[in-house]
Amino acid sequence: MVVIQEPLSALLAILLLLYLMKRWWSHQHYPPGPLSLPIIGSIWRIRFGIGLNERTMIKMSKQYGNVFTLWLGDMPIVLLSGFETVKEGLIDHSEELSGRASSPYVKFIGKGKGITFSNGDLWKQQRRFAVGTMRKLGTGRKSMESQIEVDAQKLVEIFAREKGQPFDPALPIINSVSNVTCIMLFGHRFPLEDENFKELIDAIECTFKFGGSPVHILFELFPWILKRLPGPHMKALESIKIMFSLGKKEILKHKKKLSSREPQDFIDHYLLHIEKEQKNDPTSIFDEDNLAHCISDLFIAGTHISALFMQWAILLLTNRPYIQDKIIKEIDDVLGSSSICYEDHKQLPYTNAVFHEIMRYRYVVLIGTGRQTTKDVNIGSFFIPKETVVIPDMYAILHDPQHWETPEEFNPNHFLDKDGNFVTRKEFLVFGAGARLCLGEHMGRMQYFLFLTSLLKAFHLQLPPGVKELSEEIVIGTLLSPKPHKICAVPRESSSKSIQNAIDSELTN
Ligand code: HEM
């Protein structure tokens with residue numbers, strides 16, 4: 001027995017030594033960071049995700065510098081902090097950082113298809129097609145603007161139905177914002193009361209809440225175990241399935257109608273493209289599976305980020321009635337009673353500054369979106385090997401005391417010069433930067449401006465009776481939401497009559 005045990009222990013000791021040497025050697029290729037332990041890496045430093053929040057990485061960058069590595073088990077994640085470093089990464093090395101992070105969870109839900117979670121040639125082709133098709137469908141043009149105006153007006157009518165009584169604005173906002181995307185994707189809207197729509201929105205919210213949670217971190221560390229166990233990660237996966245099944249149902253409906261009509265929406269255009277591509281190349285990467293992923297990417301990206309900014313805007317403005325009054329005065333002084341269009345934002349510097357400040361102050365993406373290096377790259381004095389996950393800390397940039405006068409205060413002057421003119425800020429990277437820049441930026445900006453101005457022109461947003469202030473606390477997930485809350489939308493004198501007319505005419509129709 002003794003004879004057998006000794007060589008076995010020696011072998012185990014050698015294997016352990018080799019493993020530790022290999023780990024040490026591989027860690028030398030990455031920027032420094034907190035101590036990385038076997039199996040868990042440096043996740044102990046963020047307490048396995050417990051208490052992870054939008055400031056966690058800011059605190060760590062003070063200790064480890066603007067480029068540091070956090071090890072998720074054996075997976076290195078390089079964090080970029082500070083405007084100059086993030087700019088160098090995302091803009092100067094746009095091509096090298098154009099990959100999307102493919103962590104076990106991202107692979108599990110995204111399957112490497114569509115736009116947001118794909119990479120390489122597949123991503124380039126799907127993104128190029130989506131951008132071109134959105135342009136054909138009118139994004140960035142007057143036709144899309146009229147569409148948004150219709151949905152903004154519908155939202156005003158929904159708020160008016162509450163007759164100034166307290167109500168939770170979240171679902172009406174999500175519904176109206178997503179309907180702009182739905183028209184583009186499916187050619188139809190979802191009514192607010194639609195049960196399938198509510199199920200879909202709950203499912204997507206559940207996926208976002210899962211992001212950044214301790215179970216999410218465990219999934220990234222031990223995917224092969226978690227995939228076999230029940231838990232919130234399975235609910236998140238179910239949500240994606242709900243989204244896909246909606247996409248697939250729509251694809252089927254569109255296939256039936258397409259032969260008898262001109263292409264009207266994104267699905268029609270994509271189906272025609274599949275037909276054309278597959279005639280020339282049977283191995284084409286345009287297929288129904290990728291279409292379902294594109295639908296899900298555009299729906300989720302086009303709905304949730306925009307809707308969250310709108311929710312924060314309404315909450316922050318309800319707490320600041322004097323800012324609402326200044327916006328209305330500016331609109332009245334500049335435009336009088338004429339209706340508002342997106343181009344008017346150039347004539348409304350204060351309004352524009354407030355809307356930008358809302359996005360800066362309550363940026364909704366936890367830290368930033370993950371990228372992956374497509375080649376070896378040097379950022380600052382650090383070498384980062386190919387296929388490394390890189391996360392640019394956008395929250396830190398938007399709250400950096402070196403770039404913003406009062407980063408922790410809501411201050412529209414961040415976007416105004418001393419004469420009250422609007423100033424664009426290069427640090428305002430709310431839509432990302434570089435090769436993966438948001439492809440719906442123009443549509444998102446239009447929606448945000450037209451929806452908010454329409455609401456503010458129609459209502460005083462007020463606190464419910466007896467409430468002193470709405471909580472501005474953040475609920476953490478992949479996206480940062482406000483706590484559920486109620487507001488009162490009290491019709492402004494001048495607008496109440498026209499809203500009532502609109503409601504009456506809708507009822508008679
Ligand atoms: C206020 C509105 C919006 C904001 C603030 C916003 C912000 C962002 C951000 C931060 C990213 C990640 C960029 C990166 O990886 O660096 C992104 C990506 C994306 N956005 Fe938006 N977005 C908005 C609206 C929209 C709309 C309306 C659509 C389309 C209907 C859209 C479609 C997408 C897509 C498909 C991506 C993934 C791009 C890729 O990976 O190549 N977004 N967006």
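Counting starts at 1 for both ligands and their atoms, following the listed order.
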Ligand 1 contacted by [X] (non-hydrogen, < 4.0 Å):
| X | value |
| --- | --- |
| Tyr448 | no |
| Trp123 | yes |
| Met359 | yes |
| Ile305 | yes |
| Glu441 | no |

Top protein contact for [atom], by heavy-atom distance:
| atom | result |
| --- | --- |
| atom 26 (C) of ligand 1 | Gly302 CA, 3.4 Å |
| atom 42 (N) of ligand 1 | Cys438 SG, 3.0 Å |
| atom 37 (C) of ligand 1 | Thr116 OG1, 3.7 Å |
| atom 33 (C) of ligand 1 | Ala301 CB, 3.4 Å |
| atom 3 (C) of ligand 1 | Phe431 CE2, 3.4 Å |
| atom 38 (C) of ligand 1 | Arg127 NH1, 3.4 Å |
| atom 24 (C) of ligand 1 | Ser306 OG, 3.7 Å |

Within the structure, does [X] bring an N/O atom to less than 3.5 angstrom of an N/O atom in ligand 1?
| X | value |
| --- | --- |
| Arg436 | yes |
| Arg371 | yes |
| Gln447 | no |

**Prompt:** Among Tyr363, Phe415, Tyr361, which one satisfies ring pair (Phe, Tyr, Trp, His ring centres under 6.0 Å) with Phe428?
**Reply:**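 Only match with Phe428 under ring pair (Phe, Tyr, Trp, His ring centres under 6.0 Å): Phe415.
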**Asked** If you measure from atom 14 (C) of ligand 1 to every heavy atom of Thr369, Thr181, Ile300, which option wins on shortest distance?
**Response** Thr369
**Request:** Give the single entry among Leu439, Val430, Val364 that approaches atom 35 (C) of ligand 1 most closely by any heavy atom.
**Result:**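 Looking at heavy atoms only, Leu439 sits closest to atom 35 (C) of ligand 1.
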Look at the side chain of [X] and the backbone N and O of [Y], then say whether any donor-acceptor pair between them is shorter than 3.5 Å.
| X | Y | value |
| --- | --- | --- |
| Arg100 | Thr116 | yes |
| Arg445 | Tyr342 | no |
| Asp268 | Gln264 | yes |
| Arg127 | Trp123 | no |
| Asp297 | Gly114 | no |

**His399 and Tyr395 aromatic ring geometry - parallel, tilted or perpendicular at 30°/60° bounds** = parallel
**Asked** Between Tyr448 and Phe309, what is the ring plane arrangement, given parallel below 30°, perpendicular above 60°, and tilted in between?
**Response** perpendicular
**Prompt:** Taking the six-membered ring for Trp, are the ring centroids of His293 and Phe244 within less than 6.0 Å of each other?
**Reply:** yes
**Asked** Would you say the ring centroid of His356 lies under 6.0 angstrom from that of Phe422?
**Response**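 Yes, close enough.
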**Side-chain ion pair, Lys124 and Glu95, N-O less than 4.0 Å** = yes
